[in-house]
Amino acid sequence: MAPSGLPCPGVLYWRVLFPFPSHGCLTFRRNTQFPWSNDLPFIACGGPYRVYAPRYEDLLGEVATPQQAAALVVAHLPRDCGSAIDGPWPEPGSRTG
């Protein structure tokens, strides 16, 4: 359930991203091979679940359940976030929308 108590909105949307668990965090990438994108929010696990902006720039929230954490990630995905690309992340400025 989302923090509002409704089912997690957009969770199907985030399933097109590449999940990357590492060092107690669940990160999401826009690509499937190194070098990775590093511009999406992520979940620091261990209860409570903390959701951070990319590179720990900001704590977006603390929630009690994985479902709430997923909803918080989805709520903070960039508008241009689409399916993960197969391969390394393009250089800045080389990606076309």
Side-chain angles (χ1 to χ4, degrees):
M1 301 295 270
S4 65
L6 300 173
C8 297
V11 169
L12 290 177
Y13 174 72
W14 79 313
R15 289 184 182 175
V16 300
L17 300 173
F18 187 70
F20 193 90
S22 179
H23 297 89
C25 293
L26 180 57
T27 62
F28 304 95
R29 308 296 186 187
R30 294 188 195 217
N31 62 302
T32 62
Q33 298 174 18
F34 183 83
W36 310 106
S37 67
N38 194 22
D39 63 340
L40 299 178
F42 66 94
I43 302 167
C45 303
Y49 297 90
R50 291 180 178 92
V51 177
Y52 287 95
R55 296 174 291 281
Y56 290 97
E57 291 172 351
D58 194 20
L59 176 63
L60 301 174
E62 285 187 6
V63 294
T65 69
Q67 294 85 358
Q68 291 172 324
L72 197 51
V73 166
V74 169
H76 288 89
L77 289 175
R79 290 189 183 270
D80 70 343
C81 190
S83 296
I85 61 169
D86 186 20
W89 188 240
E91 292 293 321
S94 67
R95 186 164 185 243
T96 59

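Checked by atom type and distance alone, the side chain of Asn31 pairs as donor or acceptor with a backbone atom of Gln33 at under 3.5 Å. Formation of a donor-acceptor pair under 3.5 Å by the Gln68 side chain with backbone atoms of Ala64 is found in this model.
Here His76 contributes atom NE2 and Phe42 contributes atom CZ; the two are 13.0 Å apart, rounded to the nearest 0.5 Å. Between the CD1 atom of Ile43 and the CZ atom of Arg50 there is a distance of 13.0 Å, given to the nearest 0.5 Å. We find the CZ-CG distance between Phe28 and Leu77 to be 8.5 Å, quoted to the nearest 0.5 Å. The CZ atom of Phe20 sits 11.5 Å away from the OG1 atom of Thr32 when rounded to the nearest 0.5 Å.
The two residues Val51 and Pro41 come nearest to each other via the heavy atoms CG1-CB, 4.4 Å. Here the shortest heavy-atom pairing between Tyr52 and Ala44 reads CE1-CB, 3.9 Å. In this structure, Trp89 and Ser37 approach most closely via the heavy-atom pair CD2-CB, 3.6 Å.
No side-chain heavy atom of Val73 sits less than 4.5 Å from a side-chain heavy atom of Leu26. By the 4.5 Å heavy-atom criterion applied to side chains, Ile85 and Pro90 are counted as neighbours. You'll find the side chain of Trp36 reaches within 4.5 Å of the side chain of Phe18, heavy atoms only. Between Asn38 and Arg29, some side-chain heavy-atom pair lies under the 4.5 Å cut-off. Within the 4.5 Å cutoff, no side-chain heavy atoms of Thr27 are placed close to those of Leu40.
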